[in-house]
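Here is the naming used below: chain letters follow the sequence lines, and residue numbers restart at 1 for every chain. Only a predicted model underlies this, so the values are computations on that prediction, with no experimental measurement involved.
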Amino acid sequence: MPDLLADLNPPQRAAVTWPTRHALILAGAGSGKTRVLTTRIAWLLSTGQVGPQAILAVTFTNKAAREMQSRLAAMVPVNVRGMWIGTFHGLCNRLLRAHHREAGLPAQFQILDIADQLSSIKRLAKNLAFDDQKFPPQDLLHFINANKERGLRAAQIDAYDSLTRRRVEFYAEYERQCQREGVVDFAELLLRCFELLQRNQPLREHYQARFRHILVDEFQDTNRLQYDWLKLLAGHGEPPREPGACLFAVGDDDQSIYAFRGADPGNMGDLQREFVIEEVIRLEQNYRSHGNILDAANVLIRWNPRRLGKNLWTAEGAGEPIRVFEGYSDLDEARFIVEEMTELIDDGVPPTQIALLYRSNAQSRVLEHELVRVGLPYRIYGGLRFYDRQEIKHALAYLRLLANPDDDTAFARVVNFPTRGIGVRSIDALQESARRLNTSLYNAAASLTGKPGTALARFVRLIETLRADTERLPLPEIVDHVIEGCGLRQHYLTEKDGPDRLANLDELLNAATVFTEEYASAVYDAALPVDGGPLAAFLAHASLESGERQAGEGQEAVQLMTVHAAKGLEFDVVFIGGLEQGLFPHENAASERDGLEEERRLMYVAITRARRRLYLSHAQTRLLHGQTRYGLRSSFLDELPKTLLRQLNPAVANVAAFARSDHRVAALARGSAPSDPGSAIADGLCVGQRVRHTRFGDGVIVAGEGNGREARVLVNFDRPVGEKWLLLEYARLLPL
DNA sequence: TCTTTGTAGCTTTTT
DNA sequence: GCTACAAAGA
């Protein structure tokens, strides 16, 4: 046991050996968060405080869950497979499979991924004759998901306008359709599970009594519903029959970059208050980056108000200054980056230790072009995932149809693929008759089988035959038989990109084989009934785990990805490109509530990915949406202390920018934070106000900061001028 | 049924 | 400027 705690620093050790009480661990970037989490579990087990069945560990990604399992397996001799370690969705799936009857779901219920959900919504919108101009399917999807993530059913939504009322009606219809089809979307998985536990007291008490320790990773990324789910399991707010579970939450509010998806970093503060956590443990020693890089990150993030507060430090030296490059154009910037990379590689830096991060995917193109031109291998994250490939989705749809004929999404996907002469007209007619009979497309098709010669009848026969032939087969053979029997393999034999797709289908077969082995070796809790069988479990696995983002393989490649994709990773050398106003921070963020703060956290995440060397680059012009845009350097650059930076190409224009940068940093040091929108700055000027300038024309005040002689405002001037910082002492601004 | 042509949109996206 | 998806022609 003592060796578990060896090499832990004092706060880490305090976290690991925290008494049986709720805990909030503020874990900075690179502070050994995962290690603390897994060691905590290992410590609880090996000190004999609880058994493995009493642990519930929740993560956001399958990768994180696997990482935790494998690390834990290396620390203590337990069957980690049988433990409840998984993603929110994975664990909810497990619970719902075990208690599907109580949850009102069929044993074979299927999980819709986001693409399935969208196609389901499109189908319904068409059936209900919803105007797709007034109600774009994407909006409906967002409306439904956002509400589910807040824990709201259609009946619980307050609709004050007719548009919202229609959306609510649609939501209700969608719920009905899913229920009839026996399918659940991602958000439903959580909401259904939450409602099940809330409604079913014996079940709730069973799990509350069972899980003595609930550990949550990346707590800042939880949404309302996930937090409520945790509270429910922890028995929070209920009369204490016996002491509820201990919630051990690890997170970093500064790395919350998914608020746009519904994550609520405010949950951290809520947790602290609601669970009465008097002492927050801070893990602030960083084992990743050199001092200058950390200092830059620390200074940058201090511009955000409402932080829980944290300052990273390292035992390592300051290291190199942060390199700043200004290109004339995006191409110039790309050339610089690629040249620099080439030099680094020549100097012996492994290409895999070099990462290029950008705010948006569109930025990768110029860089890729340049990388291809000089012949530098690269690996780009963000492509298709394995289970998202069309051939895989088709094969899975056939399997889904075998498992659950009511799954209309699966039916619609494969009814005419490979083409078998069932066109739009037949489908429309089928839709209509299914709607009339209030049944699934498959049932409607089956009921039309009076005419055995029709294409539709042949399709129904095909599915029936497949089902009958595979009924008693083990999973891999089912998959093999279906791929063969449905004609997919035959179809791709003649396609131009057929070989790749066939290889992927083989890979699916392989995945089924691996899955079957794991499934057989008691992946699931022995104490739970396993309903639905291996096929349903495999299909759920395919929906919940879409596989690694496909990337150009090749071991010796530099890594390209968005900042979001880089979260949790680290590299010796990091390039952050496109640091321009409007791009990073992104212009759309300005209109969102707390948008700029999230952008800043994103920048914080980007900076803290670097171990030894960090490059920040921007370009004066950039081709965006087919037009040349003139970008100002990112305000984030100005928020970094000049002393940490080394400008690689001192362009004249930057002298002013640098002076400005010092000014802003000085203002921050004095404690005068940038103004919030709406607040008055000086002399009756406030953010959002229109003003006139003798030289620049008219514009709107976007931000303001400082006071007295140093008070200045950021004005967004009309058309050609754009954003400018102006010192109020000198600039004569006329309020309009 | 497959191909062509047109038009919208375009930030990030763990499950 | 490019892509993705939808509606119209062969």
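The residues A:Lys33 and A:Asp252 are annotated as not salt-bridged, no charged nitrogen and carboxylate oxygen being separated by less than 4.0 angstrom.
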Give the B/S/- string for nucleotides 1-10 of chain C, one per nucleotide from 5' to 3', where a protein heavy atom under 4.0 Å of the base yields B, of only the sugar-phosphate yields S, and otherwise -. BS---S----
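Classified by interplanar angle (parallel below 30°, tilted 30° to 60°, perpendicular above 60°), the ring pair A:His89/A:Phe186 is perpendicular.
Contact between the side-chain N/O atoms of A:Asn361 and the OP1/OP2 oxygens of B:dC10 is not found at any separation under 4.0 Å. A:Asn416 has a side-chain polar atom (N or O) that falls below the 4.0 Å cut-off from OP1 or OP2 of B:dT1. For A:Thr419 and B:dC2, the shortest distance from a side-chain N or O to OP1 or OP2 is below 4.0 Å.
Note on A:Gly421: only backbone sugar-phosphate atoms sit closer than 4.0 angstrom, heavy atoms only; bases stay farther off. A:Glu599 comes within 4.0 angstrom of a base, heavy atoms only. Contacts of A:Glu592 with the nucleic acid, taken as non-hydrogen atoms under 4.0 Å apart, include base atoms. Residue A:Tyr258 is classed as a base contact, given a heavy-atom separation below 4.0 Å to a base.
At a cut-off of 3.5 Å, with distance as the only test, a side-chain donor of A:Ser360 or A:Gln363 sits close to an acceptor on the other residue.
Pairing partner, B:dT11: none, since no Watson-Crick or wobble contact has both distances short of 3.5 Å.
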